[in-house]
Protein chains: 2
Amino acid sequence: MSLHHQIRQYLLDQAQMHGWLAHAKIPSERELQTKFHASRITIRDGLTKLESQGFIYRVNRKGWFISPPRLLWDPCHRVNFYQQARDQGMQPETEVVSVNPLYDAPLIRHQFGMDYGNNLELLRLRRLDGRPVMVERIYLRQTDFPGLAQQPLDGSITELFANKYQVQINHESSHILVCGTQSEEAALLGIPEGTACLHIERKRYDANDRLVDYNLEYWRQDALELKVSSRK
Amino acid sequence: MSLHHQIRQYLLDQAQMHGWLAHAKIPSERELQTKFHASRITIRDGLTKLESQGFIYRVNRKGWFISPPRLLWDPCHRVNFYQQARDQGMQPETEVVSVNPLYDAPLIRHQFGMDYGNNLELLRLRRLDGRPVMVERIYLRQTDFPGLAQQPLDGSITELFANKYQVQINHESSHILVCGTQSEEAALLGIPEGTACLHIERKRYDANDRLVDYNLEYWRQDALELKVSSRK
DNA sequence: GAGTGGTCTAGACCACCTT
DNA sequence: AGGTGGTCTAGACCACTCC
């Protein structure tokens with residue numbers, strides 16, 4: 001029986017015995033070493049595998065913790081993040097990390113076609129029950145949303161578009177894949193650079209098929225479960 | 001600069017210099033060891049990280065290879081797997097691993113409600129350009145599809161439903177998440193047990209809202225990119 | 001200062017694949 | 001038989017967190 005199975009079983013047993021809950025800290029790597037008479041690398045291999053399966057997660061230099069249930073999310077019937085989280089008994093938070101004009105970013109500007117103008121990047125970190133779970137970069141045309149940086153940006157961007165600027169999202173297209181985190185995203189999420197994450201790239205359009213915003217999301221891979229339904 | 005970055009950069013440079021393509025074998029771990037004057041564990045850490053990012057993949061005890069482009073897949077406008085793959089210049093194959101009646105599987109039978117009857121499990125392995133990329137388990141009611149096991153099962157199940165049994169899929173619901181592979185799935189995909197994979201759970205219904213089939217897919221995480229559009 | 005994970009070295013033996 | 005990855009030991013030092 002391979003080691004990460006043993007560790008998994010041990011953690012499951014302990015969790016049941018001691019009533020461990022989501023976010024509970026598990027014994028340190030050195031404790032597990034003596035418990036299993038194994039070397040630290042072996043233990044870490046097992047923990048890393050459990051992490052990649054979404055069973056535990058790590059906080060840099062603090063420890064390993066039991067993963068909570070995933071947030072269930074429907075990218076099509078896109079309801080408000082706060083609503084969605086609260087409905088599932090989680091405490092959502094949003095932190096605005098930075099708002100910056102983009103002077104030179106050909107790949108982003110290319111998304112907006114010939115319609116250049118200065119683009120704006122909004123970088124936000126979202127938490128559930130205090131744990132950072134997602135970093136998103138939102139790109140839009142500064143000219144579409146004058147004075148946006150002075151608005152409260154920690155709520156629903158969609159609602160801000162609609163209420164302050166009379167811009168309605170009509171339809172959207174998303175790509176979903178597993179990829180690695182870049183250094184800034186990793187630092188914000190509190191995970192080592194290069195750790196795999198669930199990546200969602202989304203383009204949202206108005207009723208005239210004009211791109212309104214371009215959105216890159218990076219989710220801790222144990223934090224999200226997507227739900228997609230085809231039309232009936 | 002962290003090691004997996006160095007390795008990544010080295011591999012990218014080499015790939016460009018030598019014109020490496022998708023599925024090209026990269027130097028063995030021991031070769032990389034001498035090249036980087038690093039211990040094997042350090043090398044493996046780097047390779048494992050590159051793997052979890054979808055940049056390289058492994059074949060058990062054979063080596064590490066450059067990942068090909070991902071198959072782009074829309075679970076809503078569910079076109080035929082073969083069609084989708086060929087349109088993207090990939091060579092698709094399907095292997096029927098087993099077809100077995102399920103006598104006792106409460107979790108599966110529960111999906112089919114009170115309407116028990118013997119359920120059937122169809123286990124298939126799908127390849128792209130010779131590489132195993134996905135394992136799927138399809139569950140259905142034996143009574144809905146008499147003699148199914150005698151039909152050719154390596155093509156589109158949806159078309160078989162429609163053409164041989166006059167059963168039309170009307171709508172479906174999918175859940176998408178990252179999880180670990182069980183031993184049988186891992187063995188079929190040729191990866192170590194417990195490796196993270198992209199998991200899709202799908203339920204498909206007829207026009208009367210009756211569950212037709214229940215489908216569990218396990219994708220190598222570097223093999224797939226999902227595309228989802230909201231209605232316009 | 002003590003404890004945590006992050007990174008790394010220098011070996012070892014095994015199972016399996018290729019030749 | 002020789003090469004590959006899979007698994008493992010027994011150490012080490014560092015950066016950071018907590019107290």
Side-chain angles (χ1 to χ4, degrees), chain A residues 1-8 11 23-52 55-67 130-132 180-181 183 186-196 220, chain B residues 1-8 11 23-52 55-67 130-132 180-181 183 186-196 220:
Chain A
M1 190 172 172
S2 82
L3 190 75
H4 82 271
H5 264 125
Q6 287 178 47
I7 300 181
R8 184 194 187 104
L11 292 176
H23 303 292
K25 188 174 185 311
I26 71 177
S28 77
E29 295 177 1
R30 281 149 179 107
E31 280 177 71
L32 289 171
Q33 236 179 296
T34 56
K35 199 143 292 188
F36 284 97
H37 308 290
S39 80
R40 193 159 151 232
I41 287 192
T42 309
I43 296 294
R44 276 178 70 79
D45 264 12
L47 292 175
T48 303
K49 217 158 218 177
L50 288 175
E51 178 194 33
S52 77
F55 182 66
I56 57 178
Y57 69 94
R58 61 176 105 189
V59 179
N60 247 321
R61 289 172 227 279
K62 281 169 89 171
W64 297 86
F65 304 83
I66 302 280
S67 290
R131 176 170 80 126
T181 40
S183 59
L188 288 167
L189 290 173
I191 54 182
E193 182 175 349
T195 305
R220 283 179 95 122
Chain B
M1 191 171 172
S2 82
L3 189 76
H4 83 269
H5 264 125
Q6 287 179 47
I7 300 180
R8 183 193 188 107
L11 292 175
H23 303 292
K25 186 173 186 312
I26 71 176
S28 77
E29 296 177 2
R30 281 151 179 106
E31 280 176 71
L32 290 171
Q33 236 179 296
T34 55
K35 200 142 290 187
F36 284 97
H37 307 291
S39 81
R40 188 155 156 238
I41 286 192
T42 308
I43 297 292
R44 276 179 70 77
D45 263 14
L47 293 175
T48 303
K49 217 158 216 176
L50 287 174
E51 178 194 34
S52 77
F55 181 67
I56 57 178
Y57 68 95
R58 62 175 105 191
V59 180
N60 248 320
R61 291 175 225 282
K62 280 171 86 172
W64 296 86
F65 304 83
I66 303 279
S67 290
R131 177 172 78 127
T181 40
S183 59
L188 288 167
L189 290 173
I191 54 182
E193 182 175 348
T195 304
R220 282 178 98 123

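Everything quoted here is computed from the prediction, not taken from an experiment. Scope of the values below: all heavy atoms of this structure, side chains included, with no hydrogens, waters or symmetry mates.
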(message) Is the phosphate of dT7(C) approached by T42(B) (side-chain N or O, under 4.0 Å from OP1 or OP2)?
(response) no

(message) Starting the side chain at C-beta, find the nucleotide from dG6(D), dA10(C), dC13(D) nearest to I41(B).
(response) dA10(C)

(request) Determine the minimum heavy-atom distance between P192(B) and K49(A), stating which atoms define it. (result) CB-NZ, 3.8 Å

(request) Round to a whole Å and report the spacing from CD of E29(A) to P of dG11(D). (result) 17 Å

(request) Give the rounded distance in Å between these two atoms: NZ of K25(B) and C1' of dC17(C). (result) 11 Å

(message) Using modelled atom types and a 3.5 Å cut-off, is there a donor and acceptor pairing between side-chain atoms of T181(B) and backbone atoms of G194(B)?
(response) yes

(request) Mind calculating the distance between CD1 (I26(A)) and P (dT4(C)) to the nearest angstrom? (result) 12 Å

(request) To the nearest Å, give me how far apart CD (E31(B)) and C1' (dG5(D)) are. (result) 13 Å

(request) Quick one: do W64(B) and E51(B) satisfy side-chain hydrogen bond (donor to acceptor under 3.5 Å, both in side chains)? Show the steps, please. (result) CA-CA 9 Å; W64(B) 296 86; E51(B) 178 194 34; over 6 Å; no

(message) I want to verify a distance call: between dC17(C), dT4(D), dG6(C), whose nearest atom is closest to the K62(B) side chain?
(response) dC17(C)

(request) Please report the C-alpha distance between F55(B) and L11(B) in whole Å, then the side-chain angles of each, then the deciding distance to 0.1 Å, and finally whether the side-chain contact (heavy atoms from CB on, under 4.5 Å) criterion is met. (result) CA-CA 10 Å; F55(B) 181 67; L11(B) 292 175; 4.2 Å; yes

(message) Can you tell me which nucleotide in dC16(D), dG5(D), dA12(D) comes closest to the side chain of R61(A)?
(response) dC16(D)

(message) Both R30(B) and S39(B) contact DNA chain C. Taking the nearest nucleotide for each, which residue is further toward the 5' end?
(response) S39(B)

(request) Could you pick out which residue, R40(B) or D45(B), lies toward the 5' side of DNA chain C when each is mapped onto its nearest nucleotide? (result) D45(B)

(request) For N60(B) and dC14(C), give me the distance from atom CG to atom P, rounded to whole Å. (result) 19 Å

(request) Tell me which nucleotide among dG5(D), dT9(C), dG5(C) gets nearest to the side chain of W64(A). (result) dG5(C)

(request) Check the distance between dT4(C)'s P and F65(A)'s CZ and give it to me in whole angstrom. (result) 11 Å

(message) Distance check needed: dG11(C) C1' versus H37(B) NE2, whole Å only.
(response) 18 Å

(request) May I have the distance from Q33(B) (atom CD) to dA12(C) (atom P), rounded to whole angstrom? (result) 12 Å

(message) Within the 4.5 Å heavy-atom criterion, are N60(A) and I191(A) side-chain neighbours or not?
(response) no

(message) dG6(D), OP1 or OP2 - any side-chain N/O from R58(B) closer than 4.0 Å?
(response) yes

(message) Given dG6(C), dG6(D), dT18(C), identify the nucleotide with an atom nearest to the side chain of R44(A).
(response) dG6(C)

